[in-house]
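Chain letters run A, B, ... following the sequence lines, proteins first, then strands; residues in each count from 1.
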Number of protein chains: 2
Amino acid sequence: MTPNLHITSQQIRIFEAVARNLSYTKAAEELGLSQPAVSIQMKRLEENNDVKFIEVIGKKLYLTRPGERMLKSCQRILDELHDLNGHIKSAQQKIEGELKIAVVTPAKYFMPYILKAFLNRYPDVRPAITVINRRRILDELKQNQYDLSIMGRVPEELKLDSFPFFQNELVVAAPAKHRLSKEKRIPISEIATERFLMREKGSGIRMSVEDRFAENGIIIEPYMELGSTESIKQAVMAGLGISVLPKQAIRIEAKHGHLDILDVEGFPVIRDWYVAKMKDKNLHPAAQAFVDFLNSIDIERLLAMSDTR
Amino acid sequence: MTPNLHITSQQIRIFEAVARNLSYTKAAEELGLSQPAVSIQMKRLEENNDVKFIEVIGKKLYLTRPGERMLKSCQRILDELHDLNGHIKSAQQKIEGELKIAVVTPAKYFMPYILKAFLNRYPDVRPAITVINRRRILDELKQNQYDLSIMGRVPEELKLDSFPFFQNELVVAAPAKHRLSKEKRIPISEIATERFLMREKGSGIRMSVEDRFAENGIIIEPYMELGSTESIKQAVMAGLGISVLPKQAIRIEAKHGHLDILDVEGFPVIRDWYVAKMKDKNLHPAAQAFVDFLNSIDIERLLAMSDTR
DNA sequence: AAAATTCATAAACAAATGTATATGCATCCT
DNA sequence: AGGATGCATATACATTTGTTTATGAATTTT
């Protein structure tokens, strides 16, 4: 291995300016240095490497052959640094590129709608969503596999920074004065016998609800399928059956007694959603923008609008 | 104009090693530095440019996106420096490339033979010979147009380094006891009537002699053309005619009275040859080799062998 | 021939860069 | 749980880099 050239980046800059101007004085002016500073650096450069790069003949400067070669290299290097600078500076500002997010299984029901809205605002971001279980999220976060993760609980052991961005509470809504309205801790199996109004298959909220019943070994047969949260709400109030709805969506109606919230075992399904990152992890602009986005938007409204909870 | 990236070449080396090893400790070992030295430089690099290049998560290092970009650039720069180093180191040793020599008009008669011998030894040199007059040589030397110049007198005014490498003295040789042997200061016109033995057309020495006569308005008609200095010498001794020969070549014969040297006006033609360069001029290896070559060879013998004076 | 320009050099000093040693702290491994 | 490992930080110091000012030497311009 040959010992490399002994040169500082300042010497590169100075040499380039000197070689281009063929003048120490002009180079010094251009770089905002004193003339002796330039002279000294050039002298050191030559002494350190035991090469003559510059000849002063009469009053004019000439490059030796190694000097010509050196100029080429210096210019290439300065170009490279300039490019690099541009890339970095712009990459620090532009919201673009890959955004790797690990998502805990139940979040997959609503994440697409959030992402859709996010991409609408920042079309140059390429999100990569991985749906994995909680344990693996923690492991892989530790290994810096993701920029962010979305989960329902934040483990305390780990060095995570986390921010809540969404509280979702799914309650069982029944027509006013339903036979179970006054009951406490209604067994989940009791509910299963009711007429169930549900969103169409594939709806996020329907899947969430089905999952919850499935955990208790119950499979719900929908009595009727309706296309939106709003229409289900109306149908419940009309006495067509019961349903599971976001508490937020029926808050006013429940208050006025237009429908009742049943106290069923396993309900409400409370979902507090957090976005988390490793404490030492540096968020690139796209990731930071996503966090900001989560904090700034009204997720209830977004999901209601997309009608997908 | 964007302010350029603030980075030292040491930081480039350190960053590259860190990014490649993904370890400060290993990078430090590789570079023969202490671990804190590496840590500090990386920290300064990031602080100075307000960018995070490296993330330490748990115990492992990861490159951020700017870090990845940085690594690319660092590797390109190090490659460039490595190439540069190679070029310079080899260019410092190899005797090759262009060798620009300015030659005063009369030297053109013998230079080709010297060059031929030089190229025989150093085939990778590409000599560029320019034949110009003395005044222009001085001007253009000052402007660093040539590596070397060949001339007969060295002006004292100028800052030239010069070395004599060849003394040539052309004398008029006549058969022993020639009718003009005792004469002093024989007019050049007197000689013109003699039978002249000469080398074939194109011979360096013939051109040199013809030039000298031409300066006096005399055109010599050769009585006989012979192929070598040696055969002319024999012919002169045999009484066939007179000729102009290097004094060196007939020194012994003249001493023993086998032929006479005539004291003709304008003779001997004395040529002291110097190789010169500007005092501050740096000779590259090929140029230095040429100077050494001139000093080391026996030019009399070389020219005699090529039979061209 | 005098004046202006340009590079070289020196001295004295200020700032930055780079270093080793020692130590702390967190993580990883066993 | 305990030891080993790896990075961060503090301190103190050495070296390098850059500064101004002054001056010298040489060349070019006027």
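A 4.5 Å side-chain heavy-atom check between Ile114(B) and Phe165(B) finds at least one atom pair inside the cut-off.
Leu22(B) places its CG atom 19 Å from the P atom of dT27(C), with the value rounded to the nearest Å. Atom CG in Leu31(A) sits about 16 Å away from atom P in dT17(D), given to the nearest Å. Atom NZ of Lys43(B) and atom C1' of dT9(D) are 7 Å apart (whole Å). A straight line from CG of Leu45(A) to C1' of dT16(D) spans 15 Å, rounded to a whole angstrom. Atom NZ of Lys279(A) is separated from atom C1' of dT27(C) by 12 Å (rounded to the nearest Å). The CD1 atom of Ile40(A) sits 14 Å away from the P atom of dA12(C) (whole-angstrom rounding). What separates CD1 of Ile7(B) from P of dT17(D) is a distance of 16 Å, to the nearest Å. Residue Ile54(B) contributes atom CD1, which lies 16 Å from atom P of dG6(D) at whole-angstrom precision.
A close approach under 4.0 Å does occur between a side-chain nitrogen or oxygen of Ser39(A) and OP1 or OP2 of dA8(C). Distances shorter than 4.0 Å separate some side-chain N or O of Ser23(A) from OP1 or OP2 on dC7(C). Between Gln41(B) and dG18(C) there is a side-chain N or O to OP1 or OP2 distance below 4.0 Å. Contact annotation: Arg44(A) reaches the phosphate of dT17(D) (side-chain N/O to OP1 or OP2, under 4.0 Å).
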Criterion side-chain hydrogen bond (donor to acceptor under 3.5 Å, both in side chains) on Asp79(A) and Gln75(A), from CA distance to verdict: CA-CA 6 Å; Asp79(A) 282 355; Gln75(A) 283 173 337; over 6 Å; no

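Lys60(A) comes within contact range of no nucleotide atom at all, as no heavy-atom separation falls under 4.0 Å. Among the heavy atoms of the strands lying under 4.0 Å from Ser34(A) is at least one base atom, whether or not backbone atoms are also near. Backbone-only contact: Gly32(A) has heavy atoms under 4.0 Å from sugar-phosphate atoms and none from a base.
Closest to the Gln35(A) side chain, of the nucleotides dC7(C), dG18(C), dT17(D), is dC7(C). In this structure, of dC7(C), dT19(C), dG6(D), it is dG6(D) that holds the atom nearest to the side chain of Thr25(B).
Salt-bridge check for Glu16(A) with Arg20(A): passed, with a basic side-chain N closer than 4.0 Å to an acidic carboxylate O. Here Glu215(B) pairs with Arg212(B) in a salt bridge; the nearest charged N to carboxylate O distance falls below 4.0 Å.
The nearest heavy atom of DNA chain D to Lys26(B) and to Gln10(A) marks one nucleotide each, and the one closer to the 5' end goes with Lys26(B). Mapping Pro36(A) and Gln11(A) onto DNA chain D by nearest heavy atom places Gln11(A) closer to the 5' end of the strand.
Side-chain N/O atoms of Ser73(A) and Glu80(B) include a donor and acceptor closer than 3.5 Å.
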